[in-house]
Engineer: 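Once you've had a glance at the structure underneath, I'll fire off some questions.
Proteins get letters first, then strands, A, B, ... in listed order; numbering begins at 1 in each.
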Amino acid sequence: MGLRTLKALMNIKHLLDKAFSEALSKLVGSDTPGIVKQAQREEFGHYQANGVMAAAKKLKTNPRELAEKLIEDIGLKGTCFTEIAGPGFVNIHLTSDFVAQQLNSVIKDSSLGVPSTEVSKIVVDYSGPNLAKEMHIGHLRSTAIGDSLVRVLEFVGHDVIRANHVGDWGAQFGSLLAYMDQLRQAGQSLSTELTDLEKFYQAASALFKSDESFAKTARSYVVRLQNGDNECLSLWNQFIEESIRHSQEVYEKFNITLGVNDIRAESAYNNVLPIVVQELEEQQLLVESEGAKCVFLDEFKGKGDKPLPAIIQKSDGGYPYMATDLAATRYRTQELGADKVLYVVGGEQLLHLRQVFAVAKAAGYIHEDQEFLHLPFGGVLKEDGLRFKTRDGADVKLIDVLDEAILRAFNVVSEKNPALSESDRGEVARVVGIGAVKYAELSKNRSTDYIFDWDTMLAFEGNTAPYLQYTYTRIRSMFRRAGTDSLQGSIVLGENAELRLGVKLLQFPETIESTLDDYQANVLCNYLYELCGFFNTFYEQCPVLIAEEPSKTSRLLLCELTAKTLRQGLELLGIETVEQM
RNA sequence: GCGCCCGUAGCUCAAUCGGAUAGAGCAUCGGCCUUCUAAGCCGAGGGUUGCAGGUUCGAUUCCUGCCGGGCGUGCCA
């Protein structure tokens, strides 16, 4: 039996589903799914098969009788025992022996039972900040979610390319460049001025609003920039460089894996844009309408059922982001050879990206076997339920959230564990604070809007990263006391708390699988939270260090596997752990 | 107007693509530290899943209508 087959068996859900589906199909006479799922309620066992009711209906028989027949020849002796419940559910209880045996093999596996999948080349487009603005709370989602996805995809073996499609081009740079030039002419040192980017942005935009002649100059800078004016470009370069330095600082603080090499900015596509237009023209997709070059596809309708254009080139000759995004699809398939491209981009871009993908397909930039997927997420709302607007100046800066999180965490750790040295407390504060913010974001990952609230986001109790991190330190603390890391022996399950924990540990591979199923990190968050709940119950009920052998070693092994799973799971979320806190 | 998304406990969020009695955390109330870190554990209260219908063994989930909110709907990105 190859390693891969062995690992497939470690996926309990698959194992059971296969057995139930095959047996049920035999009874029905045609392909019939067993529909095995994790049980929702402990009294229903560990798993339940829900397929019998639908099958019985097809056969027009009594579901409970069909279930009887099914479990007679299911042939899973030793792994589980079953019972029929309700209208025809089959409840599945795994045996302690089976669970223990599986645990004993998983504990030797460095990837915790997760099989490596067939390798795909996957581009993940995330974060993508606008360099003309400071990163604010709205960037949190794309950045945290995207980075976690990247980590999980790499963990299962995919060839992942991070794509940070930063906005470094366009009209918004006019006032910034004009302001830079003005400062330079006044003899100010630009490098000093640019250290506080936020102040710089505000000053420039204030001037733009109040000073008519400045606004005029600003607009002229946009034209100069697009025409490749050297002086202008050098100012622009200086600004971009500083701005990227700033965003890299945020990434580093937030423990995001994006590096400068992952940046492929909008401007990088500038010279491809005319080619895109030319290629669309050659394929006779391009139509001139109201002075702009557009692609009209039947599936897109605008107001009053009028055809909705995808504008590739504006009437003034400039290129809107439709063109840039098309060039990016072209680059990703033709140059990078991507099998799949995931866009972690806000839901407000839904129509835009649908158009991008559709036009790119029509143009032949995306082939049948290449999958482009938009993973939308909702906006960030203020406490009053309204959206943050860039204009109203009420943005919460990302860097401020992180700093506040670290500060609060420092106060808490100083109170909880004053014995730790100041530098240790600083390190704990960093890991805990950042973890809290990231987990707050990832754990409620649904494509709906969410309300930003300092206290909710920076909570350290309950369903939070610090809770998971704390559970980890509890285990590490035990091992420090035990004074050993190398354990000879095996897991034997006695108490129910041990069995529950054991089954949960075995469900890590299933969790990774369903996390990637919908690309939803909150599935992983939920799992880790429940795992900790089970562990902490075990921790209260089952003494470890004072237990008799072989129970002591068995429990230490359970602790070890819990710690490994926790650390791995948190790492996949981009959250660090500490030895004590 | 049209399109997409959303509406779940006082608050913030879940619910494994149709499963059993809708779950957590926070907040409130009550227990547990001279056994491994109390950022923890155990327990209580709190719900007509926006409203009204429909589909079926079974609906927070699917369909229709209505109410309420968000986003988008040709030259910002």
Side-chain angles (χ1 to χ4, degrees), chain A residues 13 35 37-38 40-41 43-44 48 50 53-54 56-57 63 85-89 128 130 132 167 169-172 266 289-294 300-311 313-316 318 320-322 324-325 346-352 354 376 378-379 381 385-387 409 412-413 415-417 432 440 443-444 446-451 453 455-457 459-464 466-467 469-471 473-482 510-511 514 517-518 522-523 525-527 529-530 532-533 536-537 539-541 543-547 559 580-581:
Chain A
K13 190 176 141 186
I35 313 184
K37 296 177 178 180
Q38 291 177 19
Q40 300 197 27
R41 217 172 252 283
E43 63 201 84
F44 298 154
Q48 57 184 70
N50 297 338
M53 273 97 68
K57 194 175 177 190
F89 295 102
N130 183 344
W169 202 252
Q172 60 219 326
E266 287 177 336
S289 165
E290 295 173 33
K293 292 183 176 172
C294 311
F300 299 104
K301 303 280 190 212
K303 287 175 183 163
D305 236 20
K306 263 175 52 183
L308 184 70
I311 298 176
Q313 190 170 18
K314 299 189 286 182
S315 49
D316 67 2
Y321 78 146
M322 180 66 69
T324 315
D325 279 336
E348 68 273 7
Q349 305 283 352
L350 218 97
L351 178 59
H352 169 69
R354 264 184 55 212
L381 311 181
L386 297 174
R387 287 212 166 207
V412 173
V413 71
E415 181 198 316
K416 303 265 185 194
N417 202 343
V432 166
S443 62
K444 54 169 168 264
R446 198 158 138 210
S447 50
T448 64
D449 298 346
Y450 84 96
I451 296 176
D453 172 68
D455 292 334
T456 307
M457 178 156 277
F460 300 146
E461 287 165 20
N463 189 357
T464 64
Y467 171 68
Q469 291 164 324
Y470 175 73
T471 304
T473 63
R474 274 185 146 182
I475 300 173
R476 295 307 302 155
S477 171
M478 274 186 342
F479 277 96
R480 274 196 303 278
R481 283 173 179 269
E510 295 169 26
T511 304
S514 52
D517 220 32
D518 295 321
N522 76 318
V523 173
C525 292
N526 273 335
Y527 169 79
Y529 178 63
E530 284 169 12
C532 286
N536 282 316
T537 301
Y539 183 86
E540 300 284 335
Q541 290 179 8
V544 176
L545 296 178
I546 58 171
C559 290
Q580 37 185 326
M581 61 190 267

Engineer: With a non-hydrogen cut-off below 4.0 angstrom, is A/T537 in contact with a base, only sugar-phosphate, or nothing?
Structural biologist: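 It contacts sugar-phosphate atoms only.
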Engineer: Is there a Watson-Crick or G-U wobble partner for B/A9 with both distances under 3.5 Å, and if so, which one is it?
Structural biologist: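 Partner of B/A9: none found under 3.5 Å.
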Engineer: Is A/R481 close enough to B/U35 that one of its side-chain N or O atoms is under 4.0 Å from OP1 or OP2 there?
Structural biologist: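 For A/R481, the contact criterion (side-chain N or O under 4.0 Å from OP1 or OP2 of B/U35) is not met.
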Engineer: Name the pairing partner of B/G3, where a pair is Watson-Crick or G-U wobble with both distances under 3.5 Å, or state none.
Structural biologist: B/C71
Engineer: Could you check B/C33 for me: syn (within 90° of 0) or anti?
Structural biologist: syn
Engineer: Hey, does the side chain of A/Y467 come within less than 4.0 Å of B/A24's phosphate (OP1/OP2), counting only N and O?
Structural biologist: no
Engineer: Could you list the residues that satisfy salt bridge (charged side-chain N to carboxylate O under 4.0 Å, His left out) with A/E530, not counting sequence neighbours?
Structural biologist: A/K504
Engineer: Can you say whether a donor on the side chain of A/N463 sits under 3.5 Å from an acceptor on the base of B/C26, or the other way round?
Structural biologist: no
Engineer: B/A14, B/U73, B/A77: which one has an atom nearest the side-chain heavy atoms of A/L308?
Structural biologist: B/U73
Engineer: Would you say B/A77 has OP1 or OP2 under 4.0 Å from some side-chain N or O of A/Y321?
Structural biologist: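 For B/A77, neither OP1 nor OP2 has a side-chain N or O of A/Y321 closer than 4.0 Å.
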Engineer: If the C1' atom of B/U16 is compared with that of B/A22, how far apart are they to the nearest Å?
Structural biologist: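 That atom pair is separated by 14 Å.
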Engineer: Give A/Q48 one of three labels, base, sugar-phosphate or nothing, depending on what nucleic acid heavy atoms sit under 4.0 Å from its own.
Structural biologist: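 Touches a base.
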Engineer: Taking OP1 and OP2 of B/C2, is either one under 4.0 Å from a side-chain nitrogen or oxygen of A/K301?
Structural biologist: no
Engineer: Stacking here means centres under 5.5 Å and planes under 30°; does A/F44 stack on B/A20?
Structural biologist: yes
Engineer: Would one find a side-chain N or O of A/Q172 under 4.0 angstrom from OP1 or OP2 of B/C76?
Structural biologist: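 Indeed not, no polar side-chain atom of A/Q172 lies that close.
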Engineer: Any base atoms under 4.0 Å from A/E43, or only sugar-phosphate, or nothing? Heavy atoms, all strands.
Structural biologist: base
Engineer: Strictly below 4.0 Å: does A/K416 bring a side-chain N or O up to OP1 or OP2 of B/G40?
Structural biologist: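 No.
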Engineer: B/G43 pairs with which nucleotide, Watson-Crick or G-U wobble, both distances below 3.5 Å?
Structural biologist: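 In the structure as shown, B/G43 has B/C29 as its Watson-Crick or wobble partner.
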Engineer: Find the partner of B/U64: check Watson-Crick (N1-N3 plus N6-O4 or O6-N4) and G-U wobble (N1-O2, O6-N3) distances, both under 3.5 Å, and reply none if neither fits.
Structural biologist: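 Matched B/U64 with B/A52 under the 3.5 Å cut-off.
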Engineer: Taking only the side-chain heavy atoms of A/Y450 (C-beta and beyond), determine which of B/U73, B/C13, B/G40 contains the nearest atom.
Structural biologist: B/C13
Engineer: Does B/C11 have OP1 or OP2 under 4.0 Å away from a side-chain N or O of A/T456?
Structural biologist: no
Engineer: Is there a side-chain polar atom (N or O) of A/K37 under 4.0 Å from OP1 or OP2 of B/G19?
Structural biologist: yes
